[in-house]
J.: 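Once you've had a glance at the structure underneath, I'll fire off some questions.
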Amino acid sequence: MTALALPAPGPRLRGLLLTLLALAGWELAARALTGAFVLAAPSQVLGWLAAHPGLMARALRETLTNAAAGFVLGNLAALALAALALLWPRAQALVTGVALVVFCLPLVATGPILRVIFGPGAGPQIVLAALAVYYTTLIPLLVGLRAAPASWFDLVHSYGRGRWSALVHVRARAALPYLVAGLQIAAPAAFLGAMVGEFTGAERGMGVLTIRALRGLDVPMTWALASVATAVAMLAYVALGALARRLAPDAPPLLLSPPPAPARRQGLRAAMLVSAATLALWWGAIALFGLNPFFAKSPTDVAAALLTDADAGATRAKLGVALAETAAFLLPGYLAGLAAGAGLAMALVLAPQVAGPVMSAAIALRSVPIVTTAPLIVLALGRGAAGTVTLVAVMVFFPTLVACLHGLRQTPGQVMDVMDSFAATRLTRLLRVRIPAMLPAFFAAARMAVPAAVLAVTVVEWLATGRGLGSLMALSASLSDYDLLWSAVVLTTTLSALCHAAVARVEARVLRRYAPEQLT
């Protein structure tokens, strides 16, 4: 008697089954933790949403509007900066350096400052959303703008065209997959930036509801807010991916011969120019907005607070203690997030049949706003290393995963055809071809992840642990100790910039061997 062979479930059915299993596991876990005030079951989340549909709809509309406005403005700024850097190569170091410094400004501190500048209204939310996204788009875009074969530029030059034509007809086409990767990473970041802006005194929005839920220990409300934010971010991610597949269906180009290597970079000169431009923007912003000196501290005020004032020693001691506490959690979380993101991306290439469900879970994990889950995770894992490192790793993990997946998919089709002719295994293709093709995207993610990791650790310190630079900035803002607040902002920004420079140095050494076209 022959056994009846049932067909294997398709990808959609398999994904649906895994989703149902995940929801069932979530429900059981929540019921097992009843009374712990950590996890709300899906049934409780749906019950809360059904009981408060109007409240959620109004808050979501407000936050989504501000996040969308910031998303558009931030990405337009990224496009403009990338075009300027490509059309005026001498200004590239200055443009990217100043952009990095601005991106490294901690949202925990810039939120209250923007609230003072803009007053009531949506200004801080939109600006913070734009600040949260422009650099995450700029870095992958610059990588993609260089990912075009030299022969294409020779063809453009043979027709007597200049840099603008090369930018529009060659670089823009090659950069499209990288641009979409940046946009996909930026979508959850814009929502987070808008919510952080609402934490600074907004009248409505998801952030305002989050404050109410956290203060009241309303776990179902907290998880309902997190679930809605997750769903919105996942829809944006999927929509942008579908748009990318429609606009760029062709295989990536083959980079046969990279352009000639440029002259040795003048790192010290570039750093001095960036520092001078940053100081000029700092003074200029204070003068432009006519900010009160009691609140807005200039570079000379910060220098005095750290060096010459009567309490300068006490200020330095506070900053030193806070910096040590922050650094102890920052580096392990950063490295863990990078390793998890790159490792999972390579695993999905080796086992593509599980890519759909795994990516859905990864998107959901990253899309949950950290401002809603940080106190709950710290409550579950403790205020020590486990909770903080986990949250930092989660913030770093998703951008790294997305960037590395895009990088692995940029392996030229011609090279894969050669591997096919040798009957190479998936592992051989990964080691010999895909990983070298992934390196530029990986290092772009590693650079973007530095400020993201600093943001994560300071937000956790602000909302949950009560220690470190994040807590110090929040406390100094509440006490109107603006000398200490601005000093902490400078220290946090400098820490981010130095870590970013260290990653860039490693990147240059690796890419010089494996992807020299990215060094132009």
Side-chain angles (χ1 to χ4, degrees), residues 97-98 100-117 124 127-128 131 196 199-200 271-272 274-331 388 450-463 465-502:
V98 174
L100 169 66
V101 171
V102 174
F103 184 66
C104 289
L105 293 173
L107 297 184
V108 175
T110 52
I113 293 172
L114 290 172
R115 181 60 65 186
V116 172
I117 294 175
V127 172
L128 285 177
L131 291 176
V196 172
F199 269 52
T200 63
M272 293 176 62
V274 170
S275 300
T278 302
L279 293 175
L281 286 174
W282 186 349
W283 265 304
I286 292 176
L288 177 64
F289 292 103
L291 300 179
N292 191 319
F294 171 76
F295 157 74
K297 301 301 179 180
S298 69
T300 51
D301 294 330
V302 172
L306 293 174
L307 300 174
T308 60
D309 285 353
D311 59 347
T315 300
R316 291 196 303 270
K318 292 179 182 178
L319 291 172
V321 171
L323 176 61
E325 292 173 339
T326 297
F329 303 127
L330 178 63
L331 184 59
T388 307
V450 170
V454 174
L455 166 65
V457 73
T458 52
V459 167
V460 175
E461 291 167 344
W462 168 37
L463 294 175
T465 67
R467 298 191 300 269
L469 288 172
S471 176
L472 181 65
M473 287 185 285
L475 180 61
S476 59
S478 65
L479 297 176
S480 298
D481 189 350
Y482 292 113
D483 283 332
L484 182 58
L485 173 63
W486 284 77
S487 299
V489 170
V490 171
L491 177 61
T492 305
T493 305
T494 302
L495 172 66
S496 298
L498 290 176
C499 293
H500 186 281

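For the single chain, residues carry numbers from 1 onward in sequence order. The basis for the numbers below is simple: all heavy atoms, side chains too, and nothing from hydrogens, waters or symmetry mates.
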J.: Write down the atom of Leu472, the atom of Lys318, and the distance for their closest heavy-atom approach.
T.: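 Closest approach of Leu472 to Lys318, heavy atoms only: CD2-O, 4.1 Å.
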
J.: Could you tell me the separation between the CG atom of Leu485 and the CG atom of Leu475, rounded to the nearest 0.5 Å?
T.: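 These two atoms lie 10.5 Å from each other.
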
J.: So which atom in Val450 and which in Cys499 form the shortest heavy-atom distance, rounded to 0.1 Å?
T.: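 Shortest heavy-atom separation between Val450 and Cys499 comes out as CG1-CB, 3.7 Å.
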
J.: A side-chain contact here means heavy atoms from C-beta on lying under 4.5 Å apart; do Leu323 and Leu491 qualify?
T.: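 Answer yes - side chains close enough.
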
J.: If you measure from CZ on Phe103 to NE2 on His500, what distance do you get to the nearest 0.5 Å?
T.: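 Output value for this atom pair is 9.0 Å.
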
J.: Can you pull the side-chain hydrogen bond (donor to acceptor under 3.5 Å, both in side chains) pairs that have at least one residue in residues 476-493, sequence neighbours excluded?
T.: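 Qualifying pairs: none.
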
J.: Throw together a table of side-chain donor-acceptor distances under 3.5 angstrom for residues 452-460, partners on residues two or more places apart or in other chains.
T.:
from, atom 1, to, atom 2, distance (Å)
Thr458, OG1, Val454, O, 2.8
Thr458, OG1, Leu455, O, 3.0

J.: For side-chain contact (heavy atoms from CB on, under 4.5 Å), just list the numbers for Thr315 and Asp309, CA-CA rounded to whole Å, side-chain angles, deciding distance to a tenth of an Å, and then say yes or no.
T.: CA-CA 9 Å; Thr315 300; Asp309 285 353; over 6 Å; no

J.: Any side-chain heavy atom of Pro106 within less than 4.5 Å of one from Met473?
T.: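 Touching, per the 4.5 Å side-chain cut-off.
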
J.: Enter the distance from Leu495:CG to Leu469:CG here, rounded to the nearest 0.5 Å.
T.: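 Result: 7.5 Å between the selected atoms.
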
J.: Extract all donor-acceptor atom pairs below 3.5 Å that involve side chains of residues 277-294 and protein atoms in other chains or at least two apart in sequence.
T.:
from, atom 1, to, atom 2, distance (Å)
Thr278, OG1, Val274, O, 2.7
Trp282, NE1, Lys297, O, 2.9
Asn292, OD1, Phe294, N, 2.8

J.: Any idea which heavy atoms bring Pro451 and Leu100 closest together, and the distance?
T.: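 Taking Pro451 first and Leu100 second, the nearest heavy atoms are CG-CD1, 4.4 Å.
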
J.: Taking all non-hydrogen atoms of both residues into account, name the closest pair between Cys104 and Ala497 and its distance.
T.: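 Result for this residue pair: SG-N, 4.1 Å.
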
J.: Give the minimum heavy-atom separation between Glu461 and Ser471, together with the two atoms involved.
T.: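 For Glu461 and Ser471, the tightest heavy-atom pair comes out as O-CB, 3.5 Å.
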
J.: Of the non-hydrogen atoms in Leu306 and Arg316, which two are nearest, and what is the gap between them?
T.: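 Shortest heavy-atom contact: O-NH1, 2.5 Å.
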
